[in-house]
Amino acid sequence: MKKTLALLLLTLAGLHAAERPPQVEFKQHERIAYVGNGLGARMSLFGHLETLLHARFPQQELLIRNFCRPADEVGQQQRPNDYTNLDDPLQVFGPDTFICFFGYNESFDGPSGIDNYKEQYKEFIAETNEKYGKGKARFILISPIAFENANDPLLPNGEKENENLKAYTAGTAEIARDLGLPFVDIFTETAREFARQPGAQFTVYGFQINEEADQLVGNLIDRSLFGTANPLRPDADLFERVRFAVNDKSWVHQQDYRMLNGWYVYGSRRAPYDVKTFPEEYKKIRAMVAVRDEFIWGLVQGKATSEGPDDSKTGTLEVPKTAFGTKKYSEPAELRYLSGEEALSEMTTAPGFEVSLFASETQFPELAKPMQVNFDNKGRLWLACMPTYPQWKPGDPKPGDRLLILEDNNHDGKADEAKVFYDKLHCSTSFEFWNGGVLVLSQPGMLFLKDTDGDDKADQITQILDGWASDDTHHRGGFEWSHGGLLHVNEGVSMSTTLETPFGAFRNRNSPGSYVIDPRNLKIRHFVTPGYGNPWCYVFDTWGQGFVGDGTTAQQHWDSPLSGLEKGSRRGMNPVFNTEGMRPVIGSEFLYSRHFPIAQRHTAT
């Protein structure tokens, strides 16, 4: 309530502030691109600034696209391998105006890095204008926001961070002044607003905007650029209708410039089996985005006659021929899908052991494509299921990958009920319980989900990290807690991860292994795991020593000796047991149970 009141007071103050001449004007069908870091990238989640721009210029029919990525800097924009092999999405769009969000990641270089920042920023503008703007593009420079003191002893208090961010704000203003470009200072006002009361009111971990901050920042930018109050009030019904449509368009556009499974889309795994499908999918996605442009224009012009965008004329897609049968060395002679009962009949168990069927897709269709399982403290089985795998097909409904809870209510050893905890995930390969909720991967982000009212459905949804590699959706391995309470997140080879944290950007490229994360403050490190380079599973023994399973070579390695300092080689440790050529290794666990025969208790793996 206090946060809402503070924002309302700020908005009202802006409405009554003296009007100023606008810094910019937009022409008909102006093509506007957001570029820069995680601040801009998170605007795709909430959409306030784009909504305000459409509301201010309803007749201009603006085309707005967000090309921001976490960890981008003026001098470094890491992209996946072969990213522009088919085409460059930014070049295809051909912006007239770039709205630039830089300065946060660079600020960790401190005062000594400001001159280099200014020099690189000017080079970025010149090179981007030449490559993407045909030498005629306009650039609008936005300062970083302030760092919010979350009143958390595990996080920075923001004092040093804000000293640097203030200096980089001043440096950005100097660049704009030198080049005669529009500039918006959002640092000063966010610093003032963030200091109104203690605690994280506007940010996640002190630096990532939440929905309220997105509204605040959108209003600041809109008012600074155009000098007058926006004609559409944020509390109007139309504002929320437009914002919903903007966020829908942003999601579809993200499947273009950040398409999942890029190794197969534009990378080296595209050929020889499928070279026709994905160029057509790009065309359809871009046509779907264009349809959403028109729907938004209709809303702000008062002409919308339908409930939503119509994709019926955005093109049809061919279903490619399956590659099954092309890899005799690793494929069965016949493709068979076994039911649960059939699978049991195919199993051979050790003496004294028995396998029983707990649940199946026949009983629970929502159980399709389960990926990771875990038991909560009530003894219920949770599953991450991803029917969208390996990626979303343009034109289909949005991904409905989900977390399920299976319960055995009558204690007969079989599931009686399936509950959907959350069903708006995208290729959810991993999850773990934490802090009364669940950490789950929804590529390319990591979400924190929590049920606050006890109905077994997530009602608190927070994206805490964005930028996890999604170049190959099956190279995203599982989550596993260490005995010290740190989360291990596995990732395969030929991937590009770009993250932002309260301590600066964290990047990794083409280096397989495991990330070690403290989710309380997002401190992250990475180490290379032994094996070929596709770690799918990680487990700790009672001594806290780690063992990793490689999905490609089907080898298990004792990992602890290599889990300290980063090393360049993936070799160095021998496998711990012979997997007899079986592949892939998709999971491993140390099992301790009184259900086992006495001779096997405390020894089974």
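These numbers come from a predicted model, not from an experiment.
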**Report entry** Residues E211, R243; criterion salt bridge (Lys or Arg N to Asp or Glu O under 4.0 Å); working and verdict
**Finding:** CA-CA 12 Å; E211 188 166 4; R243 191 163 75 96; 2.7 Å; yes
| Less than 4.5 Å apart, any side-chain heavy atom of F244 and any of E240? | no
- Query: Side-chain contact, heavy-atom cut-off 4.5 Å: I461 with Y422?
  - Reply: yes
Under 3.5 Å: donor-acceptor pair, side chain of R402, backbone of G400: yes
Smallest heavy-atom separation, C537 atom then S588 atom, equals SG-OG, 3.6 Å
Under 6.0 Å from the ring centre and within 45 degrees of the ring axis: does the NZ or CZ of K523 meet both conditions for the six-membered ring of F503? yes
TODO: Without swapping roles, check the side chain of T429 against the backbone of G478 for a donor-acceptor pair under 3.5 Å.
DONE: no
Could you check whether D455 pairs with K419 (Lys NZ or Arg NE/NH1/NH2 to Asp/Glu carboxylate O, under 4.0 Å)?
no
- Any donor-acceptor N/O pair, D459 side chain to T452 backbone, under 3.5 Å: yes
For the pair R507 (side chain) and A71 (backbone), establish whether a donor and an acceptor sit closer than 3.5 Å, ignoring hydrogens and angles. yes
Quiz item: Where the side chain of Q372 meets the backbone of L383, is there a donor-acceptor pair that is under 3.5 Å apart?
Solution: no
Per ring-ring contact (aromatic ring centres under 6.0 Å, His included), F433 is matched among F448, F421, W382 by W382
(message) Are the side chains of T462 and K450 in contact, using a 4.5 Å heavy-atom criterion?
(response) no
Are K393 and E281 within salt-bridge range, i.e. N to O under 4.0 Å? no
| said: Check this for me, if you would: do R79 and D72 make a salt bridge, where the nitrogen-to-carboxylate-oxygen distance has to be below 4.0 angstrom? | reply: yes
Checklist line | Residue pair N508 / T497, side-chain donor-acceptor N/O under 3.5 Å | finding: no
Nearest heavy-atom contact between N409 and D416 is N-OD2, 2.7 Å
Residues S511 and V528: closest non-hydrogen pair is OG-CG2, 3.4 Å
query = Any side-chain donor paired with an acceptor under 3.5 Å for D214 and H48?
reply = yes
**Asked** Hey, does the side chain of Q555 reach the backbone of G549 with a donor-acceptor pair shorter than 3.5 angstrom?
**Response** no
Between Y205 and P502, the two heavy atoms sitting closest are O-CG, 3.8 Å
Of all heavy-atom pairs linking N510 and S494, the shortest is OD1-CA, 3.3 Å
Ionic contact status for K284 with D311, cut-off 4.0 Å: no
**Asked** Is the backbone N or O of V246 less than 3.5 Å from a side-chain atom of R292, with the two atoms forming a donor-acceptor pair by type?
**Response** no
- Looking only at atom types and distance, does a side-chain atom of N81 sit under 3.5 Å from a main-chain N or O of W263, one as donor and one as acceptor? no
- prompt: Side chains of S514 and N490: do they bring a donor and an acceptor to under 3.5 Å?
  reply: yes
Heavy-atom donor-acceptor pair, D541 side chain to G544 backbone, under 3.5 Å
yes
Looking at R520 and D518, is any side-chain nitrogen of the basic one under 4.0 Å from a carboxylate oxygen of the acidic one?
yes
Exercise for the section: Could you tell me whether R269 and D472 make a salt bridge, using a distance below 4.0 angstrom between a side-chain N and a carboxylate O? Expected result: yes
Report yes if the distance between the aromatic ring centroids of Y264 and F278 is under 6.0 Å, otherwise no. no
Next on the checklist: Go through it in stages, so that I can follow the logic: the residues are T473 and N261, the test is side-chain hydrogen bond (donor to acceptor under 3.5 Å, both in side chains), and I'd like the CA-CA distance, side-chain angles, deciding distance and then a yes or no.
Outcome noted: CA-CA 5 Å; T473 50; N261 226 25; 3.2 Å; yes
| said: Side chains of L403 and S428, heavy atoms from C-beta outward: is any pair under 4.5 Å? | reply: no
Practice item. Apply salt bridge (Lys or Arg N to Asp or Glu O under 4.0 Å) to the pair K378 and D456, showing each step before the final yes or no. Key: CA-CA 12 Å; K378 298 179 181 179; D456 286 329; 5.1 Å; no
Within the 3.5 Å criterion, strictly below it, is a donor on Q545 or W558 matched to an acceptor on the partner's side chain? yes
In terms of heavy-atom contacts, P535 and V548 come closest through CB-CG2, 3.6 Å
Close side-chain approach of D466 to L499, heavy-atom, < 4.5 Å: no
Answer yes if the side chains of Q443 and S470 hold a donor-acceptor pair under 3.5 Å, and no otherwise.
-> no
Within 45 degrees of the ring normal and closer than 6.0 Å to the centroid, is that where the cationic atom of R69 sits relative to Y83?
yes
* **E491 side chain to P512 backbone, donor-acceptor under 3.5 Å** => no
* For the rings on Y34 and F67, is their centre-to-centre separation under 6.0 Å? -> no
Validation row: P70, F506 side chains within 4.5 angstrom (heavy atoms) | no
So do N37 and E500 actually touch side chain to side chain, heavy atoms under 4.5 Å?
yes
Subject >> Ring centers of W536, H475 separated by less than 6.0 Å >> reply: no
Criterion side-chain hydrogen bond (donor to acceptor under 3.5 Å, both in side chains) on T203 and Q208, from CA distance to verdict
CA-CA 5 Å; T203 64; Q208 299 181 103; over 6 Å; no
Partner of Y515 under ring-ring contact (aromatic ring centres under 6.0 Å, His included), picked from F479, F527, W468, is W468
* Can you say whether the rings of W392 and W251 are parallel (under 30°), tilted (30 to 60°) or perpendicular (over 60°)? -> perpendicular
(Q) Before you tell me yes or no, could you show the steps for F431 and V438 under side-chain contact (heavy atoms from CB on, under 4.5 Å), namely the whole-Å CA-CA distance, both residues' side-chain angles and the distance that decides it to 0.1 Å? (A) CA-CA 7 Å; F431 77 98; V438 186; 3.8 Å; yes
Donor + acceptor pair across side chains of D401, T388 (<3.5 Å): yes
message: Between S44 and N66, do the side chains contain a donor N or O and an acceptor N or O under 3.5 Å apart?
response: yes
